[in-house]
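Data block below; observations after.
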Amino acid sequence: MELFSFLLLLPVLLVLLKIWKWVNDKRDQECYILDYQCYKPADDRMVGTEFSGEVIKRNKNLGLNEYKFLLKAIISSGIGEQTYAPRIMFSGREETPTLADGILEMEEFFQDSIGKLLSRAGVSPHEIDLLVVNVSMITAPPCLSSRIINHYKMRQDIKCFNLTGMGCSASLISLDIVRNVFKSYKNKYALLVTSESLSPNWYAGNDRSMILANCLFRSGGCAILLTNNKSLKHRAMLKLKCLVRTHHGARDESYNCCIQREDEIGKVGFYLGKNLPKAATRSFVDNLRVITPKILPVTELVRFMVVSLVKKWNRHGSTKGTTTQGPIKAGVNFKSGVDHFCIHTGGKAVIDGIGFSLDLTEYDLEPARMTLHRFGNTSASSLWYVLAYMEAKKRLKKGDKVLMISFGAGFKCNSCLWEIVRDLEDGNVWKDEIQNYPPKTLVNPYMEKYGWIQDEDPSTFKIPED
């Protein structure tokens, strides 16, 4: 009888065991950020109006029309007076870079930021189990991840990944790698390092679609410490809820809109095509289509479906002579599931476009605008400067949700949702100057000093000595 009872209970016990194992494994697959450190270069690498003008005047391939184009681009970019450039710019060698220049730029960053991060977190380099590095525009054996491992004398069994060519959305791609490794290995530390090497990539030609990149990108980077150890949850800052990647590389129009290439005279640069906004919008829409059901409450999704059906019905029901007051707005209310928006600082137009699409307020867009103004477009690391601004402003409270949105060459749109695990109030890279933001004006003084270019004509064009 006892044996019969045991045999009856055995399937139930096996089911309960499987459920317990599934729940336990699921808990160990969580991805937490313990801490992060944005990079703030030395003040002697700061780029202001005066220096920008000097660098532009050094390019002998530019004519009057190119100067006018750059003037308009700079004053409308949203970039301020305190961004940073690589050291090669200050020695006037931007047209003749060496491999050492690019390596030095990266070493300055990771020796500063990784060192500060590990010291503050109380984690030894020897404890790091996984290292993921993304820097798109430089590759040199041994790779940057190996250089970091050598500098910090990390373990010989460390798992490392080195990503190149992934563009401005690469930090979320690196995050996806960390998340997937965490699914197979328990109680691990991961170090994510994201930056961009500008030293070897200055464009010295006169193609407008390529000189634009010189105006937008600035030096920066971020080191991020992550774990899936649930016993460290109380120390964590953020918990990853979901991540969605969209890649439109199969579309020729999207693939070619943002690409490194040579111009007609053989000068290498980064081409930004006129169809870039269209490609970005298309990838953004497709990405939202996937992530929206994952981050918004059911009530909002139902409301959106009802409004969409009403809009479709009204469109079919209208007659030819009927006068309408314009299209009915049937957008999703993202604020019903998201408290903060961390937007890639690809430029003023990118921030404005996302703000319009998601119906965001100036309060929502302020972190991205201020990051663009203070640090410029630091490529894949820009999201973390925006997050640090929110933290310095003490906006991030326990339980809040943060949506990150980034774009990159390929063409890609990647996004993810974070949950704040505890109140965040550290200033990170903003702590010494957050009281000055937002400033009273974001007007760039470049027009005031160099506006004379607009009054010149090709027959009298001369660059003044002062």
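Computed from a prediction, not measured in an experiment: that's the story for all the values here.
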Could you go through residues 128-136 and list every donor-acceptor pair under 3.5 Å that involves a side-chain atom there, pairing it with any protein atom two or more places apart or in another chain?
| unit_1 | atom_1 | unit_2 | atom_2 | d |
| --- | --- | --- | --- | --- |
| D129 | OD1 | R155 | NH1 | 3.4 |
| D129 | OD1 | R155 | NH2 | 2.8 |
| D129 | OD2 | Y189 | N | 2.8 |
| N134 | OD1 | S174 | OG | 2.8 |
| N134 | ND2 | T194 | OG1 | 2.9 |
| S136 | OG | M166 | N | 3.3 |
| S136 | OG | G167 | N | 2.8 |

Of L212, L372, N377, L216, the one forming a side chain to side chain contact (heavy atoms under 4.5 Å, CB included) with S77 is L216

Picking from E94, E105, M106, what satisfies side chain to side chain contact (heavy atoms under 4.5 Å, CB included) with S199?
E105

Pair listing, side-chain hydrogen bond (donor to acceptor under 3.5 Å, both in side chains) test, anchored in residues 403-417, at least two apart:
S169-N414, N287-S415

Before accepting this row, confirm whether a basic side-chain N of the pair D44/R87 lies closer than 4.0 Å to the acidic partner's carboxylate O.
yes

Carboxylate-amine/guanidinium contact R282 D286, below 4.0 Å
no

Please determine whether salt bridge (charged side-chain N to carboxylate O under 4.0 Å, His left out) holds for the pair E362 and R369, giving the CA-CA distance in whole Å, both sets of side-chain angles, and the decisive distance to 0.1 Å.
CA-CA 9 Å; E362 278 304 313; R369 291 200 196 283; 3.0 Å; yes

Taking the side chain as C-beta and beyond, is there a heavy-atom pair between V178 and I224 under 4.5 Å?
no

Give a yes or no on this: more than 12 heavy atoms of other residues, nucleotides or ligands lie within 6.0 Å of atom [atom1] of [X].
{"X": "K72", "atom1": "NZ", "answer": "no"}
{"X": "K278", "atom1": "NZ", "answer": "no"}
{"X": "Q435", "atom1": "CD", "answer": "yes"}
{"X": "F90", "atom1": "CZ", "answer": "yes"}

When you look at D339 and K397, which way does the salt bridge (charged side-chain N to carboxylate O under 4.0 Å, His left out) test go after all the steps?
CA-CA 10 Å; D339 301 288; K397 304 300 180 183; over 6 Å; no

Cation over ring face, R395 and Y363, 6.0 Å, 45°:
yes

Between Y437 and E366: side-chain donor-acceptor atoms closer than 3.5 Å:
no

Would you say the side-chain atoms of Y385 pair up with the backbone N or O of G221, donor to acceptor, closer than 3.5 Å?
yes

Might you work through the side-chain contact (heavy atoms from CB on, under 4.5 Å) test for Y36 and S113, ending with a clear yes or no?
CA-CA 9 Å; Y36 67 102; S113 296; over 6 Å; no

With sequence neighbours excluded, tell me which residues meet salt bridge (Lys or Arg N to Asp or Glu O under 4.0 Å) with R374.
E433

